[in-house]
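Keep in mind that this is a model prediction, so the values were computed, not measured. One-based numbering, in listed order, for ligands and for the atoms of each.
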Amino acid sequence: MHLFFSYFCGPFEEARLMSVKSLIDSRNIPNHIAVIMDGNGRWAKQRNKPRVFGHRNGVKAVKNITEAAAELGVKYLTLFAFSKENWNRPSLEVNTLMNLFVKTVGRELSTLMENNIRLEAIGEIERLPKATFEALQYAKENTRHNDQMTLILALNYSGRWEIVEAVKKLSKSLSEGKITADEIDEKLFAGYLETASFPDPDLMIRTSGEFRLSNYMMWQLSYTELYFTEVLWPDFSKEHLYEAIYAYQSRERRFGMTSDQLMKS
Ligand code: FPP
């Protein structure tokens, strides 16, 4: 990995990124980082390989970033692994991805346990292929007491789907008389989302130079700092994560207030 990284970045770029870690303020680590892992297909194409080669290499980046985030003290890491729209891809790619999820979750269960990481999922996971669903349930069940970090996989997930589902559930509660219309506010609504038990992301990273949200966490990203990088997902290293966190720390999060108000608070 080290040699590979040097080859693509050059020794000076590598040294620059390495030094970023020492600049990170350990008192201001984002509590929740959400990631759109993009660029696997292009990474494979650059090497004249099939798209699935990119996904397989993307797993290494998943491991590196999970490890680095947990080490830094990030409490929640959400990875967009498969969207509702991704079902429209060629069936070979969809099947390969589903098998990759089964294999990776199974193979990495011991790593999750060793690193005290809880696995969770958002999305309509019960409609995934049976083997994928069962592998996820097994890992979720076995890691449920781990508390260093929660790794959340967004699988068969999309933001608008999630909001519509929340509206359906909320309507049911209304019609059953469990809540009244006057009680509905942002907090109550958020409790019907897939992310009900997780805080909103502080930082959202998208790789591969695309500047879109692609239906990802449409409710939750309202006040999240957005970070876009040209780096393709399989090349996204721990050092790139440090760089994103360093950029996050240089931002002023105002939540609608003025800078002066923030200074006084
Ligand atoms: C987007 O790149 C990537 C995906 C849709 C799949 C992400 C999956 C992995 C990184 C594999 C393993 C994940 C886990 C959690 C075990 P793209 O295919 O859209 O790339 P492109 O835009 O270059 O075509």
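- If you number the atoms of ligand 1 from 1 as listed, the ones under 4.0 Å from a heavy atom of F101 come out as 13 (C), 14 (C), 16 (C).
- If you check each of R89, K103, E108, R51 against atom 19 (O) of ligand 1, the one with the closest non-hydrogen atom is R89.
- In the hydrophobic cluster analysis, where Ile, Leu, Val, Met, Phe, Trp and Tyr join through side-chain heavy atoms closer than 4.5 angstrom, L112 is grouped together with M149.
- Residue contacts with ligand 1: W233 is placed with no nitrogen or oxygen under 3.5 Å of a nitrogen or oxygen of the ligand (distance criterion only).
- Close approach of ligand 1 to L153 (heavy-atom distance below 4.0 Å) involves ligand atoms 15 (C).
- Here the options are F236, W233, F53, the test is ring pair (Phe, Tyr, Trp, His ring centres under 6.0 Å), and the partner is W43; only F53 passes.
- Looking only at side-chain heavy atoms (C-beta outward), L193 and I122 stay at 4.5 Å or farther from each other.
- For atom 4 (C) of ligand 1, the closest non-hydrogen atom of the protein is H55 CE1, 3.9 Å.
- Here's the thing with D38: one of its N/O atoms is less than 3.5 angstrom from an N/O atom of ligand 1.
- Using a 4.5 Å cut-off on side-chain heavy atoms (C-beta onward), L213 and M204 make contact.
- Residue-to-ligand polar distances place R42 within reach of ligand 1: an N/O pair is separated by less than 3.5 Å.
- Using modelled atom types and a 3.5 Å distance limit, the side chains of E210 and S208 yield no donor-acceptor pair.
- Looking at ligand 1, you'll find an N or O of G41 within less than 3.5 Å of one of its N or O atoms.
- Counting heavy atoms closer than 4.0 Å to ligand 1, residue N86 contributes side-chain atoms (C-beta onward) but none from N, CA, C or O.
- Ligand-side atoms of ligand 1 in range of V59: 12 (C), range being under 4.0 angstrom from any heavy atom.
- Only the side chain of T104 comes within 4.0 Å of ligand 1, counting heavy atoms alone; its backbone N, CA, C and O stay farther away.
- The protein heavy atom nearest to atom 6 (C) of ligand 1 is A81 O, 3.4 Å.
- Remark: minimum distance from atom 10 (C) of ligand 1 to any protein heavy atom is reached at N40 ND2, 3.5 Å.
- Ligand 1 lies less than 4.0 angstrom from a heavy atom belonging to G39.
- Note on E67 versus K63: no salt bridge recorded, every NZ/NE/NH1/NH2 to OD/OE distance being 4.0 Å or above.
- Protein heavy atom in closest approach to atom 3 (C) of ligand 1: M37 O, 3.2 Å.
- For the 3.5 Å distance criterion, the side chains of W87 and N156 qualify, holding a donor opposite an acceptor.
- Counting non-hydrogen atoms of neighbouring residues, nucleotides and ligands closer than 6.0 angstrom, the CZ atom of F228 exceeds 12 such neighbours.
- Side-chain polar atoms of N86 and S83 form a donor-acceptor pair below 3.5 angstrom.
- Side chains of L72 and Y242 form a contact here, defined as non-hydrogen atoms less than 4.5 Å apart.
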